[in-house]
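Position 1 is the first residue of the sequence; numbering continues from there.
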Amino acid sequence: LAAVLSGAMTGCGATTTETITAPQIEQYRILRIAVLPFMVSPSTPGQERGYAAPAPPAVAGEKLADLFYLKLNAREGLAVVPPRMVHEAMPSITASVASRNVLQNLGERLDVAALLEGTVRVYRERKGSAIGLEKPGDAAAVGFSARLVSVKDGKILWSGDYYERQRPLTEDVSGFFERGARYLTVEQLADSAVNHVLREFPLGRQIQRMQGEMSPSP
C-alpha cells in the first residue's frame, strides 16, 4: 500500500477499525464494481490444538461477501454486479485476486472497473444466548480485511480492516446498549462490522433511511 497516503483508524478495547483510501481514486471514475467471495484464513497449529479461536468456517467468506454486496448495492451512484453473475464468471478461481491477468479477465467478463475482495480471519459464534454467555470471553468475534482493486492497473484504491469481540455491559456501556442491550450472534456482529467499515467507503452515496424504518434484529 505504498501508494496509499490517506486513511482513518479507530480502536477501542476489543475493537479495531482501519480504513485507507488512495488519494488518486477520483481519477478512476468507478461507477460499477463486483464483490468477490472472501477468502478464509486457514487454521494455524494453535487453532488445530485448541489453543486459540477456531479458524473461520468456509461459509464465512460467502457471508461477508453477501453483506458487502447488499450494503454497497444500496448506495446511490454505484452499480454492483449480482453475486450470481460473479460466481458464473469465476467458477475455477479459488485464490485471492493477485494476478493482473486474472484481474483484467474478470473485469472484462463482469464489465466492472474495480473488484472488491477480502479475507476472513475470525468468525466465531457466541457461546450462550442473547442475555448471557457461558463464560465472560464467549462473545461473538469477527475479523476481516477488504480491498477495492482497480481492474485497469491492479492498484488498491481502498482497504478496510476490522476486528471485534463484543464486550459485555461492564466494559462497554454505550456500545452494548447501541445494539439493543444483548449479545449478538456472529452474523449480527458481522453485519454491524461491515456497516462500520463502509462508513469510510469512497464510492457511491449512503441512502439515509427514515427514522423508525428499521428495527433491531431479534
Shared hydrophobic cluster for Leu70 and Val194 (ILVMFWY, side-chain gaps under 4.5 Å): yes
Return the CD to OG distance between Gln27 and Ser150, rounded to the nearest 0.5 Å. 11.0 Å
Any pair with a residue in residues 103-138 that passes ring-ring contact (aromatic ring centres under 6.0 Å, His included), sequence neighbours left out, goes on the list, sorted by first then second residue, please. none
Give, for atom CG of Leu78 and atom CD of Gln206, the distance between the pair rounded to the nearest 0.5 Å. 11.0 Å
Residues passing the side chain to side chain donor-acceptor pair (under 3.5 Å) test with Glu187, sequence neighbours excluded, are Lys63
Once rounded to the nearest 0.5 Å, what's the spacing between atom CG of Leu133 and atom OH of Tyr183? 4.5 Å
Which pairs pass salt bridge (Lys or Arg N to Asp or Glu O under 4.0 Å) with one or both residues in residues 131-144, sequence neighbours excluded? none
Measure the spacing between CD of Gln166 and CD of Glu164 and express it to the nearest 0.5 Å. 6.5 Å
According to side-chain contact (heavy atoms from CB on, under 4.5 Å), who are the partners of Glu108, at least two apart in sequence or on a separate chain? none
According to ring pair (Phe, Tyr, Trp, His ring centres under 6.0 Å), who are the partners of Tyr69, at least two apart in sequence or on a separate chain? none
Side chain to side chain donor-acceptor pair (under 3.5 Å) filter on Glu76, not counting sequence neighbours, yields Arg205
Partners meeting ring pair (Phe, Tyr, Trp, His ring centres under 6.0 Å) with Phe68 (sequence neighbours left out): Phe38, Phe144
Inter-residue atom distance Ile20.CD1 - Ile156.CD1, 0.5 Å rounding: 9.0 Å
Those residues at least two apart in sequence (or on a different chain) that pass side-chain contact (heavy atoms from CB on, under 4.5 Å) with Ser145 are Thr119, Arg121, Arg147, Asp161
Sequence-distant partners of Ser129, side-chain contact (heavy atoms from CB on, under 4.5 Å), two or more places apart: Ile131
For Arg199, all residues meeting side chain to side chain donor-acceptor pair (under 3.5 Å), sequence neighbours excluded: His196
Quick one: does Glu62's side chain have a donor or acceptor within less than 3.5 Å of a partner on Val59's backbone? no
Check side-chain contact (heavy atoms from CB on, under 4.5 Å) between Asn195 and all other residues, then give those that pass, not counting sequence neighbours. Lys71, Asp191
By the side chain to side chain donor-acceptor pair (under 3.5 Å) test, which pairs, at least two apart or in different chains, include something from residues 28-39? Tyr28-Asp153
To the nearest 0.5 Å, how far apart are CD1 in Ile33 and CG in Leu148? 5.5 Å
Is there side-chain contact between Val186 and Val142, with at least one heavy-atom pair below 4.5 Å? yes
Backbone N or O of Pro54 within a donor-acceptor pair of the Arg124 side chain at under 3.5 Å? no
